[in-house]
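Remember, predicted model here, so these are calculated numbers, not experimental data.
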Amino acid sequence: MTNRVVIVVDDNLASRMLPAIILRSSPVQVFECETAEGIWPLLAQHDVSHVLLDISMPGAGGVEVAQKIRAEPKFAQLKLVAYTADARMTQAAWLTAAGFDAVLVKPIKRFDLLDALGLNAPPA
């Protein structure tokens, strides 16, 4: 069974907790991070398969982090999902260009979260 490790990155505690709670009810390991900069130690220490990344955060934003992640060949298979409160972002081509695989709008629903992360299917 493939180990699924998800990092939820959001500077807002409530916005971080909801997806983390949903994900912990699935067979995945979840790490939470409140800053974009905090993702790097987690990526270095764990075999991360998925990242849910808030777009608007103080300091480095989600787009900047996504571009840095995608610049690293070792993260080519990482599922990267943008997480935003702005519904206009769902069709934003620049998010796809930055390397995101999908976009979720807050507040999220369980099915939408699992579907965007590709976690509705059993592990390979």
ask   = Tell me, which pairs form a ring-ring contact (aromatic ring centres under 6.0 Å, His included) where one or both residues lie in residues 57-87, sequence neighbours left out?
value = none
key: Inter- and intrachain pairs under ring-ring contact (aromatic ring centres under 6.0 Å, His included), touching residues 48-69, at least two apart   = none
For a 4.5 angstrom cut-off between non-hydrogen side-chain atoms, does [X] reach [Y]?
X   : Y    : value
V65 : V9   : no
L52 : L113 : yes
L23 : L117 : yes

Non-hydrogen atoms of [X] and [Y] that approach each other most closely:
X   : Y   : value
A82 : I55 : CB-CD1, 3.5 Å
S49 : R4  : OG-CA, 3.4 Å
V63 : A98 : CG1-CB, 3.8 Å
P19 : V8  : CG-CG1, 3.8 Å
D11 : P58 : OD2-CD, 3.3 Å

key: Check against side chain to side chain contact (heavy atoms under 4.5 Å, CB included), I108 and I22   = CA-CA 10 Å; I108 52 114; I22 292 170; 3.5 Å; yes
note = For residues 34-59, the salt bridge (Lys or Arg N to Asp or Glu O under 4.0 Å) pairs (sequence neighbours left out) are D54-K106
Between atom [atom1] of [X] and atom [atom2] of [Y], what is the distance when rounded to the nearest 0.5 Å?
X    : Y   : atom1 : atom2 : result
D10  : T35 : CG    : OG1   : 11.0 Å
F100 : Q67 : CZ    : CD    : 8.5 Å
I69  : L80 : CD1   : CG    : 5.0 Å
L43  : E72 : CG    : CD    : 9.5 Å
L95  : T84 : CG    : OG1   : 8.0 Å

query = Can L13 be reached from I7 by stepping across I, L, V, M, F, W or Y side chains whose heavy atoms are under 4.5 Å apart?
reply = no
message = Is there a continuous path of hydrophobic side-chain contacts, each under 4.5 Å between heavy atoms, that joins F111 to L104?
response = no
note = The salt bridge (Lys or Arg N to Asp or Glu O under 4.0 Å) partners of R70 (sequence neighbours excluded) come to D101
List the atom pairs, with distances to 0.1 Å, where a side-chain N or O of residues 26-33 and a protein N or O form a donor-acceptor pair under 3.5 Å, not counting sequence neighbours.
| unit_1 | atom_1 | unit_2 | atom_2 | d |
| --- | --- | --- | --- | --- |
| E32 | OE1 | R16 | NE | 3.4 |
| E32 | OE2 | R24 | NH1 | 3.0 |
| E32 | OE2 | R24 | NH2 | 3.4 |

note = Sorted by chain and number, sequence neighbours left out, side chain to side chain donor-acceptor pair (under 3.5 Å) with K68 holds for E64
